[in-house]
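Here's the structure we're looking at; comments come further down.
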Amino acid sequence: MTKNPQQRIRMAVFPVAGMGTRFLPATKANPKEMLPVVDKPLIQYAAEEAVAAGIETLVFVTGRNKRSIPDHFDKAYELEAELAERGKTDMLELVRNIVPPEVTCVYVRQADALGLGHAVGCARPIVQNEPFAVILADDLIVSHEGGALAQMVEQFERTQCSVLGVEEVPGDETGKYGVIDPVATDTPGLWDVRGIVEKPRPEDAPSNVAVVGRYILTPRIFGLLAEQTPGAGGEIQLTDAIDRLLQEERVTGYEFKGERFDCGSKQGYLKATVEFALRHPELKDDFEAYLRSRFG
Ligand code: UTP
C-alpha cells in the first residue's frame with residue numbers, strides 16, 4: 001500500500017446479516033444485533049463505540065429480517081410526536097439522535113449469508129479505496145479508555161497499517177476464534193501478525209491470541225475478498241483474506257484495554273446483561289439486592 005500519513009478512519013462497517021442460529025427462535029424475525037442488553041440494542045452500543053472513535057459514516061451490511069436496524073437509526077416521527085405530547089422529555093431524548101446528526105448511516109445488502117468475509121466485501125462500493133473499521137456488534141466491549149475502536153484507530157494513525165483487535169483466550173477455546181501467530185513489537189500490547197488461522201483446534205493453534213470483533217483494514221482486503229474461496233464451515237472467511245493480506249502488507253494485532261462480552265453466545269449475553277444491570281444507575285441497587293437475596 002502507498003503510505004499516506006494523512007489517512008484517517010472515517011467509515012465503519014457493521015456486518016449484521018448473519019443467521020444468528022445460536023439465538024433461535026429469538027432471531028427468527030429479528031437480527032441478533034437488535035437484542036437488548038438492559039435497555040439498548042447491541043448495535044447501538046457498537047455504533048456509539050464507532051462514533052467515539054471519530055467515525056463519520058456507519059455502513060450496515062444487512063440481510064433478511066434486518067428492517068429493524070434502519071428503523072432503529074431513523075427518525076421515529078410518530079413516537080417522537082407522542083412522547084412530546086405526553087411531556088416525556090427524558091424518553092424523547094433517548095429516541096432522538098441515536099447517533100449524532102452529523103453521522104451518516106448507509107445500508108447495503110448481503111443477499112445470501114455466505115460468511116463474514118463476503119459480508120465485508122459487500123461494503124466495497126461504499127468504502128471504496130480507503131482504510132476502514134469493521135465492528136461485530138455481538139462482541140460488546142466496555143472500556144474506560146475511550147473505547148476499543150478508538151484505541152485501535154490511534155494505533156492505525158501511528159502505523160498506517162491494518163490493526164486487528166486481539167485478546168488472550170483460554171487455550172481450549174481457540175476453536176471459537178481466528179487465532180494469530182504473534183510477534184512482539186516495541187509497543188506494549190501491539191503484535192506483528194505473522195499468520196492467522198480460523199478456528200484452530202488447540203493443538204494446531206499458533207498461540208492463544210485471538211481476534212475479536214474489531215478490525216481496521218486497508219482497502220487491499222477488498223481485492224483479496226473478491227477472489228476468496230470458501231474456508232472453515234464452507235463460508236467466505238475474513239480470516240483467510242487477512243492471512244493473504246499479511247503476505248503483502250504489515251498487519252498488527254492490538255490488545256485493547258477493555259472488557260469483552262461474547263453476546264453471540266447465550267452465556268456471554270447473560271453475563272453482559274448482569275454486569276450492565278449492576279452498573280446501571282437506576283437498576284444497580286435493587287438488582288444487586290435481588291441477586292444477594294437469591295444467592296444468600
Ligand atoms: P457469526 O459467526 O456470529 O454468525 O457471525 P451468525 O450467523 O451471526 O450467528 P450464529 O453463529 O449462527 O449464531 C459474525 C458476524 O458476522 C456477521 C454476523 O451478523 C455477525 O455480526 N455475518 C456472518 C454476516 O453479516 N454475514 C454472514 O454471511 C455471516
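We count ligands from 1, going down the list as the structure has it; atoms in each ligand are counted the same way.
The part of Q110 lying near ligand 1 is the side chain, judged by heavy-atom distances below 4.0 Å. Contact annotation for L114 and ligand 1: only backbone heavy atoms (N, CA, C, O) come within less than 4.0 Å of the ligand. Contact annotation: for E235 versus ligand 1, there are no heavy atoms closer than 4.0 Å. The parts of T21 lying near ligand 1 are both backbone and side chain, judged by heavy-atom distances below 4.0 Å.
Every atom of ligand 1 with a heavy atom of G115 under 4.0 Å away is listed here by number and element: 26 (N), 27 (C), 28 (O), 29 (C). With ligand atoms numbered from 1 in the order given, ligand 1 contributes 28 (O) to contacts under 4.0 Å with heavy atoms of A113. For ligand 1, the atoms lying closer than 4.0 Å to a non-hydrogen atom of D138 are 3 (O). Close contacts of ligand 1 with A119, meaning ligand atoms under 4.0 Å from a residue heavy atom, involve 24 (C), 25 (O), 26 (N).
A pairwise comparison of heavy atoms in P131 and Q7 identifies CD-NE2, 3.2 Å as the closest pair.
Between Y45 and F276, the ring center distance clears the sub-6.0 Å criterion.
Looking at atom 20 (C) of ligand 1, its nearest protein heavy atom turns out to be E33 OE2, 3.8 Å. Nearest protein heavy-atom neighbour of atom 25 (O) of ligand 1: A17 N, 2.9 Å. Of the protein's non-hydrogen atoms, the one nearest atom 16 (O) of ligand 1 is L116 CD1, 3.5 Å. For atom 4 (O) of ligand 1, the closest non-hydrogen atom of the protein is K32 NZ, 4.2 Å. When hydrogens are left out, the protein atom nearest atom 21 (O) of ligand 1 is P15 O, 2.9 Å; that is the closest non-hydrogen contact. Here the heavy atom of the protein found nearest to atom 24 (C) of ligand 1 is G18 N, 3.4 Å. The protein atom (non-hydrogen) at minimum distance from atom 2 (O) of ligand 1 is R22 NH2, 4.4 Å. Looking at atom 14 (C) of ligand 1, its nearest protein heavy atom turns out to be L136 CD1, 4.3 Å.
Of the candidates F156, Y215, F222, F222 is the only one forming a ring-ring contact (aromatic ring centres under 6.0 Å, His included) with F132. Looking at F73, F60, Y107 one by one, the single match for ring-ring contact (aromatic ring centres under 6.0 Å, His included) with F14 turns out to be F60. Partner R260 forms a salt bridge (Lys or Arg N to Asp or Glu O under 4.0 Å) with one of E49, E167, E275 and no other, that one being E167.
More than 12 heavy-atom neighbours from other residues, nucleotides or ligands sit within 6.0 angstrom of CD on E102. Counting heavy atoms of neighbouring residues, nucleotides and ligands inside a 6.0 Å radius, atom CD of Q247 exceeds 12 of them. Within 6.0 Å of CD on E154 lie no more than 12 heavy atoms contributed by other residues, nucleotides or ligands. For NZ of K40, the number of neighbouring non-hydrogen atoms (other residues, nucleotides, ligands) closer than 6.0 Å is greater than 12.
Looking only at distances, a side-chain donor or acceptor of T174 sits under 3.5 Å from a matching main-chain atom of P200.
Distance OG1/T273 to CZ/F261: 9.5 Å, rounded to 0.5 Å.
The residue among Q237, M19, H118 with a heavy atom at the shortest distance from atom 7 (O) of ligand 1 is M19.
The shell of residues lying under 4.0 angstrom from ligand 1, judged by heavy atoms, excludes G264.
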